[in-house]
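In what follows, a single structure is set out as structure tokens and then discussed.
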Number of protein chains: 4
Amino acid sequence: MDGFQRRKEQKKRNILDAATALFMTYGIQKVSISEIAKEANVSQVTIYNYFENKHTLIHEVFIYYVDKALSDFEQVVHSDISFPEKLKQIIFTKREVAQQIHEEFYHYLMKEYSKEGNYIDKIYEEKTIPIFTKLFQEGMEQGYVDPTLSQEAILFYIQMLKDYIQKEEIYKKILPLTEEITSIFFYGIVGKKENE
Amino acid sequence: MDGFQRRKEQKKRNILDAATALFMTYGIQKVSISEIAKEANVSQVTIYNYFENKHTLIHEVFIYYVDKALSDFEQVVHSDISFPEKLKQIIFTKREVAQQIHEEFYHYLMKEYSKEGNYIDKIYEEKTIPIFTKLFQEGMEQGYVDPTLSQEAILFYIQMLKDYIQKEEIYKKILPLTEEITSIFFYGIVGKKENE
Amino acid sequence: MDGFQRRKEQKKRNILDAATALFMTYGIQKVSISEIAKEANVSQVTIYNYFENKHTLIHEVFIYYVDKALSDFEQVVHSDISFPEKLKQIIFTKREVAQQIHEEFYHYLMKEYSKEGNYIDKIYEEKTIPIFTKLFQEGMEQGYVDPTLSQEAILFYIQMLKDYIQKEEIYKKILPLTEEITSIFFYGIVGKKENE
Amino acid sequence: MDGFQRRKEQKKRNILDAATALFMTYGIQKVSISEIAKEANVSQVTIYNYFENKHTLIHEVFIYYVDKALSDFEQVVHSDISFPEKLKQIIFTKREVAQQIHEEFYHYLMKEYSKEGNYIDKIYEEKTIPIFTKLFQEGMEQGYVDPTLSQEAILFYIQMLKDYIQKEEIYKKILPLTEEITSIFFYGIVGKKENE
DNA sequence: AATGAATGAGGGTTCATTCAT
DNA sequence: GATGAATGAACCCTCATTCAT
């Protein structure tokens with residue numbers, strides 16, 4: 001990649017960064033192309049030179065985000081910490097990219113783009129699931145996971161926790177409850193029997 | 001209430017219903033007043049005769065929804081079924097009003113209306129929490145709830161489950177997992193020890 | 001006129017009064033039928049029962065106002081005070097009806113209604129001019145009016161003073177200048193020669 | 001200023017001219033943005049690209065007009081004609097810009113914009129008054145102005161004449177009276193004493 | 001490649017007026 | 001005769017997108 005190409009890529013990334021930041025703060029519909037242009041210090045038309053239309057821009061922002069999240073996830077799973085600690089990190093770790101990703105973002109994409117490729121599902125099935133499977137195997141061997149539970153049900157739970165905690169207003173409230181929530185996740189509301 | 005009043009109320013409800021349905025399907029911002037008018041078979045201006053502006057309309061739809069949800073909740077808690085069954089219903093029962101309430105709906109209101117009274121918080125604190133407290137007392141007495149857990153943590157869990165399951169695309173996927181999810185909720189992913 | 005008629009007339013007058021007050025305070029275009037209705041404590045449609053449309057309503061308000069002004073004017077001219085005092089009163093007396101008549105009112109009528117009858121011109125020529133003529137005759141005989149001046153020019157001057165002083169923001173400013181303005185009116189900016 | 005800038009300025013002026021013309025003929029409220037756009041041969045949105053909103057547009061039209069009037073005024077005062085001739089021109093000269101400025105224009109601005117800087121008052125005090133003062137000094141030295149009169153009173157008179165003559169329907173009527181009006185302005189309705 | 005300028009389509013809102021009781 | 005309810009037309013304004021340089 002020569003200097004020209006590099007500068008071009010840099011500009012594209014500038015736009016993506018500006019768009020990502022704005023989308024995450026204000027949601028998708030509230031952010032206009034002109035605002036993104038201003039934030040990225042380019043003209044509106046320049047955005048159109050790099051991205052076919054707003055649709056496409058959103059799509060690429062999305063991919064950018066998903067990839068980043070995936071790589072974070074892999075890093076944690078392959079790290080050298082205990083199984084419970086891994087789960088804790090997966091659930092509570094906020095991706096830097098998406099510090100406060102607006103839900104609308106997720107929904108918008110789910111609704112508008114489900115037809116065209118469903119990048120996220122592909123990534124999920126091809127990359128995320130295998131990693132999870134490996135993780136759970138580890139968990140079962142160490143006695144942390146009930147082997148009668150389906151992997152789907154557990155994934156649902158993890159996904160739910162992650163999503164919910166993403167919500168800005170929730171995150172603040174539950175920070176002091178981290179330990180308890182982890183405990184409920186492992187032992188349920190009935191609680192751990194002490195005599196075990 | 002005479003015939004006049006009744007017809008008026010009926011029309012207002014028509015508009016509220018149309019708006020609710022559209023908001024829940026497409027989100028708030030995507031739905032225009034003119035679409036609501038078309039759906040409700042009235043002119044745009046008629047909507048303005050009943051509601052000051054879009055803001056107000058959204059607000060009233062919101063109240064309509066919250067009240068309905070509360071009344072459903074109360075009914076379940078006071079019903080004559082077992083504690084686990086109650087929790088199951090609370091978590092999985094979809095309010096008819098809000099079959100598939102769009103998250104944006106919640107967020108929009110949280111953001112835009114937080115200043116003016118915060119109706120939902122008031123309802124939550126004054127009505128919902130006391131009912132929950134009573135319910136958990138019941139649960140503890142019957143050994144279903146770990147007494148070392150804070151009520152907040154448990155509420156967080158329930159709220160999270162309810163919210164998450166509200167999501168349309170999630171609901172479909174997890175219907176077959178209902179039993180398992182309930183089990184994880186009670187006993188965690190470590191699972192119930194059979195010798196208990 | 002029986003009681004029925006009288007009540008009807010009363011209601012019409014209520015509407016006219018409300019409209020007049022609002023027009024004079026806010027101008028014509030800024031005042032909506034619904035505001036007039038509210039101010040007069042009737043329904044919008046009631047206004048349409050008495051006046052064909054907004055046009056007509058404005059027209060009638062106008063006539064109401066002109067008649068009142070004319071009668072005030074006549075009273076001053078026929079009163080028992082000196083000529084200069086009469087002029088002073090004509091110029092500086094604010095009609096109660098039109099304490100602060102909005103200019104737009106005048107202009108709107110001049111523009112929109114000039115075709116249809118020109119009530120004001122008729123009144124002016126048939127009633128006002130003769131009275132003025134009589135007044136000036138009086139002034140000339142007493143040496144207050146230069147006989148070489150045309151009556152039109154003097155009328156212009158008087159009209160101008162009256163109109164200008166009507167303006168709310170002007171009126172306040174020139175109150176302390178009343179004497180001087182009268183003096184200029186009589187003796188011009190060159191001033192009265194003291195040795196006369 | 002390059003070609004780009006110049007064309008932009010030109011277009012902005014086109015819009016200002018169209019707006020000015022329409023405002024002066026029909027008043028401010030009656031003129032819609034779409035009418036201005038049509039008159040200026042641009043799209044509505046183009047107007048919004050140059051002016052933030054209707055408010056701003058009106059404001060700029062206003063400044064355009066005031067500046068033009070001021071410059072005309074200065075030119076007359078500094079010109080090489082007699083004192084009476086100067087006054088005559090000041091009073092009767094219609095600025096080309098504002099051939100028939102609608103009063104509503106003036107009022108609207110006085111009401112709506114009085115808060116924000118009061119451009120006209122500033123101009124008036126800083127520029128107009130000093131020039132007037134100089135002019136009157138000249139008039140007094142030549143015996144045209146009664147030195148016992150306050151400058152305020154005279155200014156009031158001049159302002160009144162100018163304003164009143166601005167009115168379209170008045171202007172036509174008094175054109176043949178120009179000489180007489182000037183005479184009254186200088187010598188009052190009592191008239192000039194011939195033996196002076 | 002990059003931009004300033006321009007726009008069609010659509011959004012929320014208001015108003016004078018009519019309909020139906 | 002009086003009213004509450006309803007509306008078509010118009011208004012100000014925003015946005016994603018294209019044109020022209």
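Order of the sequence lines sets the chain letters (A, B, ...), proteins ahead of strands, with each chain counted from 1.
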Quick one: are [X] and [Y] in side-chain contact, heavy atoms under 4.5 Å?
X	Y	answer
Ile28(B)	Phe62(B)	no
Asn14(A)	Asn41(A)	no
Val42(D)	Tyr50(D)	no
Tyr64(B)	Asp17(B)	yes

Considering only dG8(F), dT14(F), dG4(E), which nucleotide approaches the side chain of Val45(D) most closely? dT14(F)
Between [N] atom [atom2] and [X] atom [atom1], what is the distance in whole Å?
X	N	atom1	atom2	result
Lys30(B)	dC15(F)	NZ	P	14 Å
Asn41(B)	dA5(F)	CG	C1'	16 Å
Ile47(C)	dC15(E)	CD1	P	14 Å
Leu57(C)	dC15(E)	CG	C1'	15 Å
Phe51(B)	dT14(E)	CZ	P	15 Å
Gln10(B)	dA5(F)	CD	P	14 Å
Tyr48(C)	dG4(F)	OH	P	16 Å
Lys54(C)	dT14(E)	NZ	P	15 Å

Partner lookup for dG12(E), please. Criteria are Watson-Crick or G-U wobble with both distances under 3.5 angstrom; report none if nothing qualifies. dC11(F)
Pairing check on dT17(F): which nucleotide meets the Watson-Crick or G-U wobble criteria with it, both distances under 3.5 Å? dA6(E)
Record whether the side chain of Asn49(A) comes under 3.5 Å of the base of dA1(E) through a donor-acceptor pair of N or O atoms. no
Which comes earlier along DNA chain F counting from the 5' end, the contact point of Thr46(B) or that of Ile33(D), where each point is its nearest nucleotide? Thr46(B)
Taking the nucleotide of DNA chain F with the nearest heavy atom to each, does Val31(D) or Ser43(B) sit closer to the 5' end? Ser43(B)
Please compare Gln44(A) and Asn53(B) by the position of their nearest nucleotide in DNA chain E and report the one closer to 5'. Gln44(A)
Classify Tyr50(A) by what it touches in the nucleic acid, base, sugar-phosphate, or nothing, heavy-atom distance under 4.0 Å. sugar-phosphate
Does a side-chain N or O of Lys11(A) approach OP1 or OP2 of dA2(E) to a distance below 4.0 Å, or not? yes
Would you tell me whether Asn53(D) and Thr56(D) have side-chain atoms, one donor and one acceptor, within less than 3.5 Å of each other? yes
